[in-house]
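Just so you know, these numbers come straight off a predicted model, no measurement behind them. When reading the values below, keep in mind they use all heavy atoms of this one structure, side chains included, and skip hydrogens, waters and symmetry mates.
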Amino acid sequence: SPHCSHTDRSCTMFGPSVEDEEIRWVRITGLQSAAGQKLNGKIGHCLYTTKEDADGRFPIHIDGDTSKGKLLKPTNFVDIPPGELVKACRLPCRAERTVPEVLMIPKDHSLFQECDTMGNAPIPRIIGIPLQVTNKINPYRKLTNPGDARNQSAAALMIEPNSGFAPQGMEDNYGPALVYRPDGQDLGYADMVAMLDYQSKLIQHLYTEEKTGARGSDFDRHVWLNREYFQRVL
């Protein structure tokens with residue numbers, strides 16, 4: 001499943017846990033022990049503000065590892081070059097009170113291997129712009145109060161056009177979301193805003209009366225759900 005609970009410790013989460021804190025992506029190298037050699041070549045991340053311990057080691061969160069991370073010497077990891085990173089968009093939940101932002105992810109991150117090549121967002125899939133939506137990302141603060149994990153933007157992306165609904169419970173208890181292109185291409189801020197604007201217009205056609213007097217029951221998926229209309233309405 002692409003989704004997990006933010007209280008589920010078996011789910012691998014990544015990303016900064018503090019707003020405006022950047023991710024430093026690295027690749028593991030040069031480990032000599034039998035267990036360490038299995039980690040060589042894997043990608044991981046630490047935060048730019050992360051301090052080394054007294055032994056000069058840094059905590060590295062390795063892709064696919066559900067533990068709290070490994071303490072590694074600087075000689076055992078190298079920075080991943082910017083050219084090997086792609087843009088993805090982080091959609092905040094209600095408690096975070098922030099705006100969508102761009103995060104960088106390695107092209108060979110497991111997120112791209114775990115998802116369907118056509119993504120899991122129904123409407124973007126139909127119009128030929130596949131997007132993957134996941135909540136495997138750290139929140140900026142604890143989500144403890146009712147409604148804290150509410151994420152209307154992520155839910156809008158997951159609306160099924162036949163029913164007009166997102167998966168049950170997703171809108172109210174999803175937390176922050178990461179949206180990315182399964183093909184490993186960039187999804188920039190402007191791209192994300194354009195898609196959310198398009199989905200908002202579709203919702204209006206589905207549920208509200210238009211100036212022409214047409215109601216949602218007149219919605220024609222063949223007219224509205226295609227790349228040409230997406231480009232025309234923006």
Side-chain angles (χ1 to χ4, degrees), residues 1-24 44-51 59 61-69 87-105 109-111 114-115 119-124 131-160 163-180 187-189 191-204 206-208:
S1 170
H3 312 309
C4 60
S5 167
H6 282 275
T7 60
D8 180 7
R9 295 183 180 274
S10 67
C11 179
T12 303
M13 314 287 274
F14 77 89
S17 55
V18 179
E19 190 176 353
D20 297 327
E21 199 165 35
E22 295 186 71
I23 305 174
R24 179 185 179 186
H45 76 276
C46 61
L47 303 182
Y48 279 112
T49 55
T50 298
K51 308 299 183 185
H61 298 267
I62 299 172
D63 181 24
D65 185 2
T66 58
S67 70
K68 293 183 178 180
K87 295 178 181 178
C89 279
R90 185 188 191 280
L91 301 179
C93 60
R94 190 170 78 172
E96 295 176 317
R97 302 185 185 281
T98 58
V99 297
E101 61 183 307
V102 173
L103 298 180
M104 305 302 293
I105 307 176
H109 194 281
S110 63
L111 285 172
E114 296 170 353
C115 68
N120 64 349
I123 291 176
L131 295 179
Q132 185 76 14
V133 183
T134 180
N135 63 352
K136 294 182 179 180
I137 187 164
N138 290 316
Y140 288 154
R141 54 182 54 85
K142 290 184 178 180
L143 308 178
T144 56
N145 299 318
D148 278 358
R150 186 176 178 85
N151 196 326
Q152 290 180 294
S153 295
L157 288 172
M158 295 301 293
I159 285 177
E160 170 57 55
S163 67
F165 294 100
Q168 186 176 5
M170 179 178 175
E171 180 175 343
D172 293 324
N173 193 34
Y174 197 70
L178 185 74
V179 186
Y180 60 98
L187 179 68
Y189 179 83
D191 303 319
M192 189 75 267
V193 170
M195 182 58 71
L196 291 173
D197 186 48
Y198 170 68
Q199 300 246 173
S200 177
K201 286 180 170 62
L202 288 180
I203 292 172
Q204 292 175 20
L206 280 166
Y207 298 115
T208 65

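Looking at Glu101 and Lys87, no side-chain N of the basic residue comes within less than 4.0 Å of a carboxylate O on the acidic one, giving no salt bridge.
Here the CG atom belonging to Leu111 is positioned 4.5 Å from the NE2 atom belonging to His109, to the nearest 0.5 angstrom. For the atom pair CE (Met192) and OG (Ser153), the distance works out to 8.0 Å, reported to the nearest 0.5 Å.
Counting heavy atoms from C-beta outward, Pro124 and Met195 have side chains that approach closer than 4.5 Å. Between Leu103 and Ile137, some side-chain heavy-atom pair lies under the 4.5 Å cut-off. Using a 4.5 Å heavy-atom threshold, the side chains of Ile105 and Ile23 count as separate. Within the 4.5 Å cutoff, the side chain of Leu91 has no heavy atoms near those of the Pro176 side chain.
A donor-acceptor pair under 3.5 Å is formed between the side chain of Glu96 and the backbone N or O of Cys93. The backbone N or O of Met170 sits nowhere less than 3.5 Å from a side-chain atom of Asn173 that would complete a donor-acceptor pair. The backbone N or O of Cys115 sits nowhere less than 3.5 Å from a side-chain atom of Gln132 that would complete a donor-acceptor pair. The backbone N or O of Val133 lies less than 3.5 Å from a partner atom in the side chain of Asn120, making a donor-acceptor pair. The closest donor-acceptor contact from the side chain of Asn145 to the backbone of Asp148 lies at 3.5 Å or more, if one exists at all. A donor-acceptor pair is defined here as one N or O able to donate and one able to accept, closer than 3.5 Å; such a pair exists between the side chain of Tyr174 and the backbone of Asn135. With Asp63 contributing its side chain and Ser110 its backbone, the two residues share a donor-acceptor pair below 3.5 Å.
With respect to Leu196, the side chain to side chain contact (heavy atoms under 4.5 Å, CB included) criterion is satisfied by exactly one of Asp191, Val179, Leu157: Leu157.
Taking each heavy atom of Gly175 and Asn151 in turn, the nearest pair found is O-ND2, 2.9 Å. Nearest approach of Ala149 to Leu143, heavy atoms of both residues: CB-CD1, 4.1 Å. Scanning both residues, Cys46 and Pro59, for their nearest heavy atoms gives CB-O, 3.4 Å. Shown here for Asp197 and Lys201, the closest heavy-atom pair between the two residues is OD2-NZ, 2.9 Å. In terms of heavy atoms, Arg94 sits closest to Gly147 at NE-O, 3.3 Å. Pairing each heavy atom of Ala155 with each of Ala166, the nearest pair is O-CB, 3.4 Å.
For the pair Arg90 and Tyr180, the cation does not sit on the ring face, since its NZ or CZ is not both under 6.0 Å from the ring centre and inside 45° of the axis.
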